[in-house]
There are 2 protein chains.
Amino acid sequence: MKKSTTLKNIANQVDVSVSTISRVLNGKSKHYRISEETQQLILNAAKELNYSPNQLARGLRLKRTNTLGYITPDISNPFFSNIAKVVEKYARKLGYSIILCDSEENTDIEANSIQLLIDRKIDGLIISPVGQTVDHLKETYNRNIPIVLIDRFFPDFDLPYVASDNYKGALEATSYLIECGHTRIAYIQGLKNTSPNNERVKGFKDAHRNFGIEFDDSLIVGNSFGEENGYIEMKLLVKRNNKPSAVFAGSNLISLGALKALAEENLKVPDDISMISFDDQPYSRFLATPMTTVSQQGSQIGQLATKILIDLIETNKQFEPKGILLPTTLIKRNSVRIIEDAEITGNGKANSILS
Amino acid sequence: MKKSTTLKNIANQVDVSVSTISRVLNGKSKHYRISEETQQLILNAAKELNYSPNQLARGLRLKRTNTLGYITPDISNPFFSNIAKVVEKYARKLGYSIILCDSEENTDIEANSIQLLIDRKIDGLIISPVGQTVDHLKETYNRNIPIVLIDRFFPDFDLPYVASDNYKGALEATSYLIECGHTRIAYIQGLKNTSPNNERVKGFKDAHRNFGIEFDDSLIVGNSFGEENGYIEMKLLVKRNNKPSAVFAGSNLISLGALKALAEENLKVPDDISMISFDDQPYSRFLATPMTTVSQQGSQIGQLATKILIDLIETNKQFEPKGILLPTTLIKRNSVRIIEDAEITGNGKANSILS
DNA sequence: ATGAAAGCGCTAACAC
DNA sequence: GTGTTAGCGCTTTCAT
């Protein structure tokens with residue numbers, strides 16, 4: 001078994017001290033006016049011995065690891081795995097590695113992960129928090145570890161975040177549904193008391209209000225961004241007496257579950273029921289009924305967050321408390337039935353595109 | 001800013017040496033017969049000061065970091081993000097963290113990532129290698145860092161791996177196509193010279209051979225597991241003079257790209273062309289034409305690989321060279337047209353299920 | 001039953 | 001221009 005080369009090994013070969021070697025290898029040759037000759041000797045020996053520094057020792061000494069934590073509630077959700085991809089890529093380009101933690105939408109796991117990352121001395125944290133409580137996040141804050149939130153944030157705790165403008169997204173989508181003549185619309189929500197969910201519910205309600213449509217609180221159902229939730233709630237919705245004519249699914253996974261329920265009940269979109277879903281996915285346009293969706297800019301969100309975090313780290317500011325909201329896009333396809341006698345008011349102010 | 005508590009801090013508060021504290025906190029109290037009293041003192045102080053060990057220092061000393069590397073060619077591909085999820089989860093349960101690296105199907109990035117992970121002193125590596133060359137993987141091997149391959153392996157270099165039985169999967173799927181009366185079948189392959197691709201192409205060819213069907217080498221096209229490849233190749237395929245009646249897509253992303261091409265050309269599945277795809281996805285059954293797919297056991301692959309790796313680490317074996325092949329399942333849906341005058345021979349030996 | 005000291009591999013302050 | 005030394009926070013051998 002080959003052991004790693006250390007500075008000491010090089011020092012033995014070339015006859016200089018480890019400090020000089022460290023200096024040369026860290027590009028400080030001119031600053032210390034190290035002779036061309038020793039420089040070459042050292043560089044050659046390092047290459048020959050295939051030296052590369054032990055990052056544990058370096059981190060311990062420097063208090064800097066070039067490592068970021070990324071905590072996500074569900075890495076298998078394409079919305080988050082897309083973000084993970086750009087976070088990793090962008091971080092890598094700037095010299096950082098990523099420790100990945102999946103919180104499974106569980107605050108306890110999330111809190112443990114944060115502690116674990118602190119113990120591993122990450123330089124910064126990117127997190128899509130479960131989002132229902134914030135206390136455990138303050139631990140990084142207390143320790144001066146910069147943090148940037150993705151997707152979910154806390155209105156009453158000032159941490160930098162990058163997210164979609166979920167309020168507008170939901171407002172626009174719901175308005176579109178209403179313009180198409182729907183007045184009895186259900187919303188299958190994600191995890192309650194998280195910012196995206198709160199914002200979306202708010203947009204959903206405000207759209208009704210704008211159009212002067214009363215709505216039934218019992219039509220806001222569910223409590224998870226997962227597929228199961230979509231399945232269960234759709235099952236229940238279609239069995240109601242006064243069933244909705246349209247359903248707004250709060251995430252891509254929810255709509256998948258909802259589709260499964262509809263298949264079982266032999267109900268067709270949009271003839272039997274209209275649908276619209278948050279999160280556009282590559283497959284959305286190829287579904288049996290191409291799905292009208294609210295598209296989020298996942299890649300931009302991830303890249304921006306990473307950029308902000310690394311800036312924070314490298315400028316030694318803990319943070320500039322600011323939130324960034326990226327616009328969503330309503331992509332109209334065929335999953336919403338236009339109810340004939342609807343008065344299309346054109347009040348939806350939708351920046352929609354077709355695809 | 002709150003600084004982390006160290007053993008020294010505790011030592012100052014309780015009046016004992018750091019060694020004793022380390023012993024107590026590592027559960028070695030009985031072995032060193034440390035008095036109940038000091039034990040309690042130490043435990044209380046540790047809790048009070050909210051101590052948790054610096055893993056950099058610990059790792060440096062112990063030569064053990066409880067950290068695994070996971071290198072994947074594309075974390076945004078649901079096949080891999082599903083694997084990442086179970087790898088992370090299972091590793092976490094056993095006390096390990098994951099450093100995530102995305103190689104972007106690029107051997108140079110992969111090689112850099114491996115070096116980076118070695119420098120970070122990972123205890124073991126799980127990797128879905130790009131797979132075309134193996135040399136840079138030997139570096140972990142040389143350093144006695146256990147490694148387990150996922151999805152792709154090297155027939156001529158003995159590293160443990162967990163993968164699907166891609167040969168049988170492709171054989172079964174192609175046989176099914178042939179049984180349905182197709183004789184002119186294209187295969188849009190993934191990255192050439194990778195084990196899954198080699199195996200699938202072999203299965204594809206052998207199916208033809210088994211049925212005594214000659215086939216046209218020019219019908220094996222493409223060279224990437226990505227969406228773009230599926231798009232481009234399908235575009236070209238349908239414009240050929242003697243175009244295939246069925247297309248076998250080598251991955252979920254390839255089939256998505258192929259679907260895009262067909263949409264542009266206004267061609268319908270299966271009326272104009274039949275399709276079958278590797279990788280079942282939750283949306284596969286909800287597509288305009290529910291897609292017949294070869295389903296892989298992603299979660300099992302990930303969990304098995306993680307278990308094997310951690311066993312290797314904890315038993316100090318470098319590895320037991322063995323490969324595990326998990327069966328695939330052909331899920332028949334509606335994307336394959338049954339050509340009327342086909343003689344269904346039933347020779348496919350398919351363990352297929354319906355969904 | 002506990003402490004002192006060495007050392008993991010690195011960098012930087014302080015020599016000269 | 002380069003070496004010596006200290007120290008990051010931890011575990012462990014060797015003392016007592």
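In what follows, chains carry the letters A, B, and so on, assigned in the order in which the sequence lines appear, proteins first and then strands, with residues in each chain numbered from 1. The structure presented is a predicted model; accordingly, all values stated were derived computationally and were not measured.
- Residue-level contact check: A/K63 touches the backbone only, with heavy atoms under 4.0 Å from sugar-phosphate atoms and none from bases.
- The side chain of A/V18 approaches C/dT11 more closely than any other nucleotide in the set D/dG9, C/dT11, C/dG9.
- Contact annotation: A/R58 reaches the phosphate of C/dT11 (side-chain N/O to OP1 or OP2, under 4.0 Å).
- To the nearest angstrom, C1' of C/dG9 lies 11 Å from CZ of A/R61.
- Side chains of B/N54 and A/L60 form a contact here, defined as non-hydrogen atoms less than 4.5 Å apart.
- Taking every heavy atom of residues 10-17 of chain B and every atom of DNA chain C, pairs under 4.0 Å involve B/D15, B/V16, B/S17, by number.
- Interatomic distance, OH of B/Y96 versus CG of B/L68, reported as 7.0 Å (0.5 Å rounding).
- Between B/L62 atom CG and C/dG7 atom P the separation is 17 Å, expressed in whole Å.
- Using a distance-only test at 3.5 Å, with no hydrogens or angles considered, a donor-acceptor pair links the side chain of A/S128 to the main chain of A/I150.
- Here the OG1 atom belonging to B/T38 is positioned 10.0 Å from the CG atom belonging to B/L43, to the nearest 0.5 angstrom.
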Candidate pair A/D123 and A/R64, rule side-chain contact (heavy atoms from CB on, under 4.5 Å), full reasoning: CA-CA 6 Å; A/D123 294 336; A/R64 196 164 182 310; 3.9 Å; yes
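- With salt bridges taken as basic N to acidic carboxylate O contacts below 4.0 Å, none links A/K85 and B/E104.
- Summarising the geometry, the separation between CD1 on A/I42 and P on C/dC10 is reported as 14 Å, rounded to the nearest angstrom.
- Interface residues of residues 22-38 of chain B facing DNA chain C, ordered by number: B/R23, B/Y32, B/R33, B/I34, B/S35, B/T38; criterion, heavy-atom separation under 4.0 Å.
- Between the two ends of the helix from C/dA1-D/dT16 to C/dC16-D/dG1, each summarised by a five-pair axis, the helix axis turns through 50° (rounded to 10 degrees).
- In this structure, B/D102 and A/K89 have side chains that are not in contact, with every pair of non-hydrogen atoms separated by 4.5 Å or more.
- With rounding to whole Å, A/R120 atom CZ is found 16 Å from D/dG9 atom C1'.
- Within 4.0 Å (heavy atoms only), B/L60 reaches at least one base atom of the nucleic acid.
- Across the protein-nucleic acid pair, A/K3 atom NZ and C/dG7 atom P stand 14 Å apart, rounded to whole Å.
- Residue B/L56 contributes atom CG, which lies 13 Å from atom P of C/dT11 at whole-angstrom precision.
- Rounding to the nearest 0.5 Å places CG of A/L149 at 5.0 Å from CG of A/L159.
- Distance check: B/K30 NZ to B/R23 CZ gives 16.0 Å after rounding to the nearest 0.5 Å.
- Rounding to whole angstrom units, CG of residue B/N54 and C1' of C/dC10 are separated by 14 Å.
- B/Q115 and B/D119 share a donor-acceptor pair across their side chains, judged by distance under 3.5 Å alone.
- Atom CG of B/L41 is separated from atom P of C/dA1 by 16 Å (rounded to the nearest Å).
- For the atom pair A/I127 CD1 and A/L137 CG, the distance stands at 5.0 Å (nearest 0.5 Å).
- If you check every strand for non-hydrogen atoms under 4.0 Å, B/L7 touches a base.
- Taking the six-membered ring wherever Trp is involved, the centroid distance between the rings of B/F157 and B/Y141 falls below 6.0 Å.
- A donor N or O paired with an acceptor N or O is found under 3.5 Å between the base of C/dA4 and the side-chain atoms of B/S19.
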